Amino acid sequence: MGIKNFMGRRQEIYKNTPQKFQVKDFMTRKLITFSPDQGITEVMEILLRQRITGGPVVDDNNNLVGIISDSDLMNVISDSSYHNMPVGNRLVRDYMSLLVETIDQEVDVFEAASRFLKTGHRRFPVTSAGRLIGQISRMDVIIAATRVKGDQ
């Protein structure tokens, strides 16, 4: 008589196991967004009041069309100074960055950290089918890293 398997049938544990630390688990979903037709002065006031350095620009359907940052606002201030004109009624659409790098919600946060290092960006918008669904920042990645246990 041969030896019988006392462990029983084994299950495939690792098949289709989702990643544990994905962007979607740590991204901010409640965002301050701006419109392309919004005035620059209003944007400056909101950034100061909210203590943030920028935000996504979306159209009426919540499609991501650009991003406005403190660097873009420095261009406004410099341009105003050069032409000796007040900031006045300038619009976000004239100064926002149109080429926006986004990140997929399924990406591992450690890959996101690598992208932050390579690009120097402080935030990445997260989109699904062109629509803004959230944003991940460097601080969100740091929060994720603090949740990693030593054996993972």
Side-chain angles (χ1 to χ4, degrees), residues 12-83 85-152:
E12 291 185 35
I13 298 172
Y14 298 107
K15 189 174 184 181
N16 294 327
T17 303
Q19 295 174 320
K20 293 183 179 182
F21 296 100
Q22 294 175 310
V23 165
K24 68 181 175 184
D25 298 324
F26 295 94
M27 69 183 186
T28 302
R29 295 177 191 276
K30 187 178 177 183
L31 299 175
I32 295 170
T33 61
F34 302 102
S35 162
D37 299 320
Q38 206 165 358
I40 288 291
T41 306
E42 181 184 359
V43 170
M44 289 179 177
E45 291 170 356
I46 292 170
L47 294 179
L48 288 171
R49 188 171 47 250
Q50 297 296 324
R51 295 180 179 256
I52 57 177
T53 59
V57 181
V58 295
D59 64 12
D60 294 335
N61 295 322
N62 210 37
N63 292 313
L64 183 66
V65 296
I67 197 159
I68 189 87
S69 70
D70 54 355
S71 298
D72 299 319
L73 297 177
M74 291 298 116
N75 287 332
V76 175
I77 294 166
S78 176
D79 192 36
S80 295
S81 174
Y82 180 77
H83 295 291
M85 299 285 290
V87 173
N89 56 5
R90 296 171 193 225
L91 300 178
V92 169
R93 75 171 60 255
D94 299 324
Y95 291 93
M96 68 183 188
S97 300
L98 297 173
L99 299 174
V100 181
E101 287 187 58
T102 62
I103 195 164
D104 189 86
Q105 64 180 334
E106 303 294 328
V107 169
D108 184 274
V109 293
F110 301 106
E111 173 62 26
S114 177
R115 285 193 54 197
F116 279 120
L117 285 172
K118 288 177 186 171
T119 63
H121 294 322
R122 291 181 277 200
R123 70 190 70 78
F124 285 113
V126 182
T127 58
S128 178
R131 288 204 165 95
L132 183 68
I133 60 169
Q135 177 174 279
I136 189 141
S137 69
R138 290 178 176 211
M139 192 56 66
D140 296 326
V141 172
I142 292 170
I143 290 168
T146 62
R147 296 188 182 163
V148 176
K149 299 202 179 357
D151 60 342
Q152 294 180 327

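None of the values given here were measured: they were computed from a predicted structure. In what follows, residues are counted from 1 in the order of the sequence shown.
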*Nearest 0.5 Å please: distance from the OG1 atom of Thr33 over to the CD1 atom of Ile68.*
13.0 Å

*Taking the side chain as every heavy atom from C-beta outward, state whether Arg147 and Phe26 have any atom pair closer than 4.5 Å.*
yes

*asked:* So does Glu106 get a backbone contact from the side chain of Asp104, meaning a donor-acceptor N/O pair under 3.5 Å?
replied: yes

*asked:* Could you report the tightest heavy-atom contact between Ala113 and Val141, atom names first, then the distance?
replied: CB-CG1, 3.7 Å

*asked:* Looking at every heavy atom in both Pro36 and Leu91, which two are closest together, and how far apart are they?
replied: O-CB, 3.9 Å

*What are the two closest non-hydrogen atoms of Leu31 and Pro56, and how far apart are they?*
CD1-CG, 4.2 Å

*asked:* In terms of relative ring orientation, are Phe124 and Phe116 parallel, tilted or perpendicular, with 30° and 60° separating the classes?
replied: tilted

*Do side-chain atoms of Arg29 reach the backbone of Lys24 as a donor and acceptor pair under 3.5 angstrom?*
yes

*asked:* Assess the residue pair Asp70 and Arg122 against the criterion (salt bridge (Lys or Arg N to Asp or Glu O under 4.0 Å)); give the C-alpha distance rounded to whole Å, side-chain angles, the decisive distance to 0.1 Å, and a yes or no.
replied: CA-CA 11 Å; Asp70 54 355; Arg122 291 181 277 200; 2.7 Å; yes

*In Å and rounded to the nearest 0.5 Å, what is the CD1 to CG distance from Ile67 to Leu99?*
12.0 Å

*Knowing that exactly one of Val109, Thr127, Ile136 qualifies, which makes a side chain to side chain contact (heavy atoms under 4.5 Å, CB included) with Ile103?*
Ile136

*Do you know which two heavy atoms are closest between Val65 and Leu98, and how far apart they sit?*
O-CD2, 3.8 Å

*asked:* Once rounded to the nearest 0.5 Å, what's the spacing between atom CG of Asp94 and atom CG of Asp72?
replied: 11.5 Å

*So do the side chains of Thr28 and Ser137 get within less than 4.5 Å of each other, counting heavy atoms only?*
no

_Run Leu73 and Leu47 through side-chain contact (heavy atoms from CB on, under 4.5 Å) and show every step you take._
CA-CA 10 Å; Leu73 297 177; Leu47 294 179; 3.3 Å; yes

*Rounded to the nearest 0.5 Å, how far apart are CD1 of Ile133 and CD of Gln105?*
4.0 Å

_Within-4.5 Å side-chain heavy-atom neighbours: Met96 and Val43_ = no

*Output yes when a side-chain donor or acceptor of Arg138 lies under 3.5 Å from a complementary backbone atom of His121, and no otherwise.*
yes

*Give, for atom OG of Ser71 and atom CE of Met74, the distance between the pair rounded to the nearest 0.5 Å.*
8.0 Å

*Might you point out which heavy atoms bring Phe34 and Ile32 nearest each other, and give the distance in Å?*
CZ-CG2, 4.0 Å

*Could you grab the distance from atom CD of Gln135 to atom CG of Leu64, nearest 0.5 Å is fine?*
9.5 Å

_Can you confirm whether Val57 sits close enough to Gln38 that some side-chain heavy atom of one is under 4.5 Å from a side-chain heavy atom of the other?_
no

*Answer whether the closest heavy-atom distance between the side chains of Thr53 and Arg123 falls below 4.5 Å.*
yes

*Given the rule in the side-chain contact (heavy atoms from CB on, under 4.5 Å) test, do Met27 and Gln22 qualify, once you have shown the distances and angles that lead to the verdict?*
CA-CA 9 Å; Met27 69 183 186; Gln22 294 175 310; over 6 Å; no

*Grab the two heavy atoms, one from Ile143 and one from Thr146, that are nearest each other, plus how far apart they are.*
O-OG1, 2.6 Å

